[in-house]
2 protein chains.
Amino acid sequence: MDQERPVKLSDISKALNLSVSTVSRALNDSHEIGEETKRIVQSYAARVNYRPNLIAQSLKEMNTRYIAIIVPEISNSFFAEIVNGVEFVANNQGYHVVIYQTHDSTEREINIIRDVARRKADGLLLSPSTNQTEVNEVMKSIGAKLPVVYFDRVPSDNYCHKVVCDNYQAAFDATTWLIKQGKRRIAHMAGPSGISISIERLAGYSAALLNAGISVDPNLIRYSNFLAREAWDNLRDLEEKYQPDAYFASSDRLSFYCYEAVQKLPEPRASEVKIVGFTNAPFAHLLRPKLSAIVQPAFDMGKIAAEMLLNTITKKNKDIEYGFIKLPAVLKNTE
Amino acid sequence: MDQERPVKLSDISKALNLSVSTVSRALNDSHEIGEETKRIVQSYAARVNYRPNLIAQSLKEMNTRYIAIIVPEISNSFFAEIVNGVEFVANNQGYHVVIYQTHDSTEREINIIRDVARRKADGLLLSPSTNQTEVNEVMKSIGAKLPVVYFDRVPSDNYCHKVVCDNYQAAFDATTWLIKQGKRRIAHMAGPSGISISIERLAGYSAALLNAGISVDPNLIRYSNFLAREAWDNLRDLEEKYQPDAYFASSDRLSFYCYEAVQKLPEPRASEVKIVGFTNAPFAHLLRPKLSAIVQPAFDMGKIAAEMLLNTITKKNKDIEYGFIKLPAVLKNTE
DNA sequence: CCATTTTACGCAATCGTTTGCGTAAATTAA
DNA sequence: TTAATTTACGCAAACGATTGCGTAAAATGG
């Protein structure tokens, strides 16, 4: 009973001696089709396993009922959880979610954004790579009403939708906790300078130090882009020259690099140096000695971002009101 | 200079007093368009930032130049690496990769497959959830020539493309290693029964035991589906009744569940029980005591699977020749 | 110089849907 | 009974791109 190629409306219309438009309306349960005809068409369509061609539908209706999400890396648990939150909301509203990863390459990111626009995604969730200005450029040039919600790494202006966690507070709390553990020479392994999360986390870190009467030593602050190499160089240099007694790491990857670097040190330093870092890795709590974790409410961030996006997609001509949601992160695994 | 809505061919044709077809051909560098006209059209198109509408192109050409990959969970490093391998190959050939996750739900999987078919993906990479027969059913019913390559969890028949790692050998090696460490009561935490990877890994495990003159104790073999609950129950039961001196875990998740359960045991068992498990988690080597890891060549698996898929997509009328690739996995972190 | 080919473009169909409009037949209203 | 309305369907345009075919004008051949 399975056909060689997908059956289309005209196949049904021929088989039933009806016009294509009647078949279409019957399947869409239009009121201007007789009940009897509807039954015939619908049951026949079910028998031959008719599925509307989404490409054709999209072309006609100018929407695709899918949203795209662009993240740096799906293997990063933080982003994976965000994706799950997005899927949760989107699927409930009949939208599919298409996932892209940039691997922190601005070039890839730009290509993906262009492609998303050309494929007419109904909306975009974006956590931009480093180069904010270039991304802005592209967002302008696609010349479409592509609704966007930024999350995690967000632009500084207020004319866009944003969902973030309270990076300042989280960094403040984490650093304060390290200070309470008696640490004074706290190094900060920061992400790329210039992006929102780096700025806010650095601010929280600095505030906590000053708050405790510790001066901020620029030598202990190291920016790493997303190459492992940079992080390792920074870590080696820090150990050689400054021997921090604690590390505050600004990302999943940096947390684990720190941890590994510290574990390789000779005792007793290896077990004395404390590390706290941003990570949503589900098994981080298994590490001994502990890696204290700043855990972001990633699933909720995804849910909220998706809700904001779908709202702006459906609320057509309503006047735009930009949202800015900030959620708290929690410090875990501090015994 | 940026327009309100995306510019289309007819916009260009009006602006330049040319027909739509001429514009189209000029942009596609057709030989039947004069060089001068081409230059004019192309430069104008560049100026107004023209991008072909991929929906329209897809409808016309009946291909979309994207492939879909369906995995259980993107946060699982094994699958994330596979995705990266797929992207590597696909992007090089001008294809985009769309990622879907099933969360190990057959229902979700089926919906996704249907959607992929309706959206006319050019091909599909599939690691099916448990219910093989239901999935087969759907694959038939979509009635399209949708090329498929299976990976990791694959059907048993030979009339499809498959990419796997040598699960039997890997399980054999891992179990043998545990035996060489002096372990005799080796529990096997298996995935869902009935799927290819579970069967092969169980076979390798059993063969290694028999090979060492150890009889296979069915009580030490536990199948867990993908709920954490089942795994925990199995682990607790094993500890209460049989107290294995080693665990062989069949998946990323099971490996970490095992590890966590064992770490919670009172000493000296906690540090005596050895664990070896399938995992591609990048930081597994940081755990102390060690978690020995069977690492699959996930990136290569993804690359090969994508190559197979793109081959069958492009080689149109060639007679189908089904491929079955098996790659070796390596045992790491065994000091 | 005329016939033939080539060049360079336009017309219109097509991909599979949806939908505005037109219209017979059936129903209702007056 | 006739006019007005409703019901139930078909025709054809549209979405934005590609492409087979037709055809003037230009280039070439003998």
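Naming convention: chains lettered A, B, ... in sequence-line order (proteins, then strands); numbering from 1 in each chain. Values in this document were obtained by computation on a predicted structure and should not be read as measured data.
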salt_bridge(A:Asp11, A:Arg47) N-O dist < 4.0 Å: no

Sugar-phosphate, base or nothing in reach of B:Leu54, heavy atoms under 4.0 Å: nothing

5'-most by nearest nucleotide on DNA chain D - B:Arg51 or B:Arg25: B:Arg51

Candidate pair A:Asp152 and A:Val164, rule side-chain contact (heavy atoms from CB on, under 4.5 Å), full reasoning: CA-CA 5 Å; A:Asp152 187 43; A:Val164 297; 5.9 Å; no

Non-hydrogen atoms of B:Thr106 and B:Ser129 that approach each other most closely: OG1-CB, 4.2 Å

Over all atoms of both residues, closest heavy-atom pair of A:Gln101 and B:Asn84: NE2-OD1, 2.7 Å

Any residue of residues 29-44 of chain B with a heavy atom less than 4.0 Å from an atom of DNA chain D: none

Along DNA chain C (nearest heavy atom to each residue), the more 5'-positioned of B:Glu61 and B:Asn17: B:Asn17

Between B:Arg65 and B:Asn63, a side-chain donor and acceptor under 3.5 Å: no

B:Lys326 with B:Asp300: basic N within carboxylate O range, under 4.0 Å: no

Interatomic distance where NZ belongs to B:Lys8 and C1' belongs to D:dC15 [whole Å]: 8 Å

Length of the CE-C1' vector between A:Met62 and D:dA17, whole Å: 12 Å

Short side-chain N/O contact to D:dG16 OP1/OP2 from B:Tyr50, under 4.0 Å: no

Check: A:Met308 and A:Val163 side chains under 4.5 Å, non-hydrogen atoms: yes

Separation of D:dG16 C1' from A:Asn63 CG (nearest whole Å): 16 Å

Distance in angstrom units between B:Ile12 CD1 and D:dG16 P, rounded: 13 Å

Span of DNA chain C, from the first to the last nucleotide whose atoms fall under 4.0 Å of chain B heavy atoms: C:dA8 to C:dG16

Member of A:Phe151, A:Tyr322, A:Tyr150 meeting the ring-ring contact (aromatic ring centres under 6.0 Å, His included) criterion with A:His161: A:Tyr322

Sugar-phosphate, base or nothing in reach of A:Ile55, heavy atoms under 4.0 Å: nothing

side-chain N/O B:Ser24 vs D:dT18 OP1/OP2, d < 4.0 Å: yes

Salt-bridge criterion met for B:Arg114 and B:Glu109 (N-O under 4.0 Å): no

Residue met sooner reading DNA chain C from 5', once B:Val23 and B:Ala56 are mapped to nucleotides: B:Val23

